[in-house]
Each structure stands twice: as C-alpha cells, then as structure tokens.
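Let me begin by presenting the structure, written as structure tokens, before commenting on it.
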Amino acid sequence: GAVVSQHPSRVICKSGTSVKIECRSLDFQATTMFWYRQFPKQSLMLMATSNEGSKATYEQGVEKDKFLINHASLTLSTLTVTSAHPEDSSFYICSASEGNQPQHFGDGTRLSIL
Amino acid sequence: GESVGLHLPTLSVQEGDNSIINCAYSNSASDYFIWYKQESGKGPQFIIDIRSNMDKRQGQRVTVLLNKTVKHLSLQIAATQPGDSAVYFCAEIRSNTGFQKLVFGTGTRLLVSP
C-alpha cells in the first residue's frame with residue numbers, strides 16, 4: 001500500500017517551454033503533497049507544500065510564478081515549470097501523506113532543458 | 001574506507017561487513033527522525049524511523065542510534081549486501097508543525113563490493 005506515482009519519469013524539452021509533472025496517490029488520500037528538487041550528488045530540497053484545495057506554501061527562494069502547483073483533489077497534485085530554462089534542469093520528486101502519516105515518495109521526474 | 005567527494009561522502013565496504021552511516025542534524029527541537037535509501041533514478045525509500053524519546057531502534061538488519069546530546073544519528077546495516085548500495089539520507093522532523101516537513105541531511109553514498 002501507500003503508492004505514489006509520478007509522471008513522466010523523464011522529459012526533455014526546449015528552453016522556453018512549460019512542463020507539467022503529475023503526482024498521484026494510488027491507494028490513499030493525500031491531504032498534503034510535497035515537491036522537492038534534487039541536483040546531482042546533492043540532497044533533496046523542499047520547494048513547496050500543498051494541502052488539498054488550498055494554495056501551496058513555497059519555501060524561501062522558490063518562485064511561485066515559476067513553479068505552479070495545483071492540488072485540486074485528494075489524489076493528484078501537479079507541478080508546472082513555466083518558461084523552463086537550462087538552469088531548471090533537475091530531478092523533481094513529489095511525496096504525499098495522509099494526515100500526519102509519513103510521507104511516501106514518487107520515483108521522480110528527470111527534467112532536462114536544452 | 002571513507003572519502004569525501006565534492007558534495008556526497010562515500011563509504012566503501014566489502015560484502016558481509018557491517019556498515020555505519022552517520023548524520024548530524026541541526027535542529028534541537030526535532031523530535032522525529034527517518035532514514036531513507038535512494039537508488040539511482042528513484043525516489044527515497046523509507047528504511048527506519050526513531051522518535052526523540054528513544055535512543056535505539058532495530059529493524060531487519062538495520063539499527064538506528066540517536067544521540068540527542070550531540071545531535072547525532074547513525075544507521076547501522078548488518079551483513080551489508082551489494083543490493084544495499086545506494087545513497088542514504090537522514091531526515092529530521094519537528095512534528096508539532098502540524099504536518100511532516102522533512103529536512104534532509106546531505107546524504108552518504110554506500111558502495112558495497114562483492
């Protein structure tokens with residue numbers, strides 16, 4: 001149980017395009033979802049936290065207009081990287097939790113901007 | 001032996017040895033700690049957790065030790081196997097924040113040689 005599915009697993013696109021990443025909880029209700037970014041050989045850095053039906057809370061230094069987060073249902077959150085540039089290339093990972101239960105992680109999305 | 005890379009410390013062991021991975025956490029108010037294993041191209045996988053009212057917890061082949069006095073956490077893996085090769089992260093949580101906001105440590109790469 002407690003499976004989180006993230007899609008796509010890999011995306012390559014041109015600079016200036018927008019990219020949407022989906023995160024789904026398959027067998028539980030994700031009242032809270034989290035989005036992380038991980039650069040090579042580095043740790044996971046929390047970008048934002050979203051509660052279902054509410055606006056996301058962004059960490060300091062993360063541009064909310066650049067990284068649009070939607071958490072419209074208890075099983076789906078999306079992260080849209082708008083007007084992506086090469087410096088946005090990274091490994092993006094979502095996690096989800098039900099209430100105060102531990103977070104369960106997706107398998108990440110490798111984003112490469114050319 | 002242990003070496004420090006540009007960003008990620010590495011611990012190299014032989015198959016069958018015991019491994020000890022260390023972590024220093026930052027917030028004395030943190031009261032819940034988790035160890036994660038991350039394989040290449042995947043999201044973090046829960047290994048074991050411990051609350052601040054404990055100093056030791058054992059799982060299958062793994063033991064976590066917590067020293068609150070010096071804010072230190074360790075993960076011991078018994079009879080290390082090649083499948084244990086991965087990056088290991090500790091994460092700390094202040095559970096009174098209302099939801100589980102994880103703060104990840106820098107990570108340690110474990111390399112197990114046959």
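Chain letters run A, B, ... following the sequence lines, proteins first, then strands; residues in each count from 1.
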Within a strict 4.5 Å, meaning less than it, do heavy atoms of the B:Leu102 and A:Phe34 side chains meet?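 In short, these two side chains do not touch, never coming nearer than 4.5 Å.
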Would you indicate whether the side-chain heavy atoms of A:Thr49 and B:Lys101 approach each other to under 4.5 Å?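 The answer is no; the side chains never approach within 4.5 Å.
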Of all the heavy-atom pairs spanning B:Phe89 and A:Gln42, show the shortest one and how long it is.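 That would be CZ-O, 3.9 Å.
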Please report the interatomic distance OG1(B:Thr106) to NZ(A:Lys41), rounded to the nearest 0.5 Å.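 Between B:Thr106 OG1 and A:Lys41 NZ, I get 14.0 Å after rounding to 0.5 Å.
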Proximal component of B:Phe46, with respect to chain A [non-hydrogen, under 4.5 Å]: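 Neither part; nothing is under 4.5 Å.
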A:Ile21 reachable from A:Tyr58 in the ILVMFWY side-chain graph, under 4.5 Å edges: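 In one cluster with A:Tyr58: A:Ile21, yes.
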Joint hydrophobic cluster, B:Phe104 plus A:Met47, side-chain heavy atoms closer than 4.5 Å: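 Not linked; separate clusters.
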A:Asp107 side-chain N/O to B:Gly43 backbone N/O, donor-acceptor pair under 3.5 Å: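 Side chain of A:Asp107 to backbone of B:Gly43: a pair is present.
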Under the 3.5 angstrom rule, does the side chain of A:Ser43 hit a backbone N or O of B:Gly107 as a donor-acceptor pair?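 Side chain of A:Ser43 to backbone of B:Gly107: no pair is present.
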So which part of A:Leu46 gets closer than 4.5 Å to some heavy atom of chain B, the side chain, the backbone, both or neither?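 Only the side chain of A:Leu46 comes within 4.5 Å of chain B.
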Among the options B:Arg109, B:Gln38, B:Glu39, pick out the one with the most heavy-atom pairs lying under 4.5 Å from chain A.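 Most pairs with chain A among the choices: B:Gln38.
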Residue selection (most heavy-atom pairs with chain B, distance under 4.5 Å) from A:Gln6, A:Met45, A:His104, A:Glu59: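 So the answer, after comparing A:Gln6, A:Met45, A:His104, A:Glu59, is A:Glu59.
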